[in-house]
Amino acid sequence: MSQAKKWEPLKRVGIIGVPFEKGQTKYGVNIAPAAMRSAGLIEHLKTIEGLDIKDYGDIDTTAADADVEVDNMAHLSQVSACNKNLSERVSQVLKDGRIAVTIGGDHSIGVGTVDGHYNVNHDMILIWVDAHADINTNKTSGSGSVHGMPVALLVKELSDYWPYLPTMDWQVPKFSIKNLGYVGLRSVDNYERLAIEKYNIPTFAMEDIEEHGIRKSIHHILQVLDPEMNKPIHVSFDIDSLDSLEAPSTGTPVRGGLTLREAINLMEIIHSTGRLRAIDLVEINPALGDESDRKRTIEAGLCVLKAALGFSRRGTAPRGILDLPVQTHN
Ligand SMILES: NC(=[NH2+])NCCC[C@H](N)C(=O)O
Ligand SMILES: [Mn+2]
Ligand SMILES: [Mn+2]
């Protein structure tokens, strides 16, 4: 029998906006926090019974330093400055006893959220929900965009594969790749696959989800990463994990992804563990596509967040009422 203590979902959350786009090349991902707020982010979360929401506002994403030159790595000093501020803010939210809910921005901001979470909870596990593995280094990346590199920056096992990175001294990779799992992959670069196989990262790519279903897939990852079921969970959710029909307004869309129902179910399962401590929602780009694309993508993001924070599709009626025996006629 497991000694796991019974966890109750935290009812307190802290919202952080990160209007940052320098980890990739397309305009617009920086306006997502404002777009989510004006689409009623806070009001939507307030429909979750008993949820105490505090908005910590937006991170200052402007860098003081001039950009530094690192081969095949664009805008490093801006990425670094934004993530340093973000890391501190995430730590503060967690120390305030709240779940850190970070709205990006592109996925390079995963460096700050995970760093800030790790500094408070050294035993955290990380679920990276994405079409992409985001585990390139500047030597393996085909794009030079840092949003394809955050996982490689974070994990200590890959630190030897990086050159010295000016302005990044604040971020010492301490998180172990053994505490990472992937869901939703379907666009993995050659060296990324090599890393996944070398470190045997529990990975449920789309074909694995076809085989096992989303429920068994996430349960399996949670079981492998934390058999005692005692560790704080960080979910870094890239909206492009969803099929591009569900979430078209994103910079690197890939067809054949998760349905919104699968993503909601994934989040409901993670919520039910009571151990969710941080969630990132990244790569929504309201400037891409038409009005209906934009609306659909933002709505999908809201649904995912609500599921993670305890919204029930069943409604709020006490379970007992739903369990009443069905009337029979004879
Ligand atoms: N966070 C993302 N959407 N990342 C896309 C990464 C795409 C590609 N693998 C690259 O390294 O550039
Ligand atoms: Mn992605
Ligand atoms: Mn990503």
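All ligand and atom numbering here is 1-based and tracks the order in the structure.
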S187, any N or O under 3.5 Å of ligand 1 N or O: no
D240 OD1 and D130 OD1 subtending at the Mn ion (ligand 2) (10° steps): 80°
Residues K84 and D115 bridged, charged N to O under 4.0 Å: no
N83 (side chain) donor-acceptor with S108 (main chain) under 3.5 angstrom: yes
Per-residue contact class, H132 against ligand 1 - non-hydrogen pairs under 4.0 Å: side chain
Which segment of D134 sits under 4.0 Å of ligand 1 when only heavy atoms are counted: side chain
Nearest neighbour in protein (non-hydrogen) for atom 10 (C) of ligand 1: S143 OG, 3.6 Å
D189 N/O under 3.5 Å from ligand 1 N/O: yes
D238 backbone or side-chain N/O/S under 2.8 Å from the Mn ion (ligand 2): yes
Residues R313 and E268 bridged, charged N to O under 4.0 Å: yes
Residue part near ligand 1, for M149, under 4.0 Å between non-hydrogen atoms: neither
Element-labelled atoms of ligand 1 that are located less than 4.0 Å from some non-hydrogen atom of H107: 1 (N)
Region of T250 that comes within reach of ligand 1 [heavy atoms, distance under 4.0 Å]: neither
Atom 2 (C) of ligand 1 - nearest protein heavy atom and its distance: H147 ND1, 3.3 Å
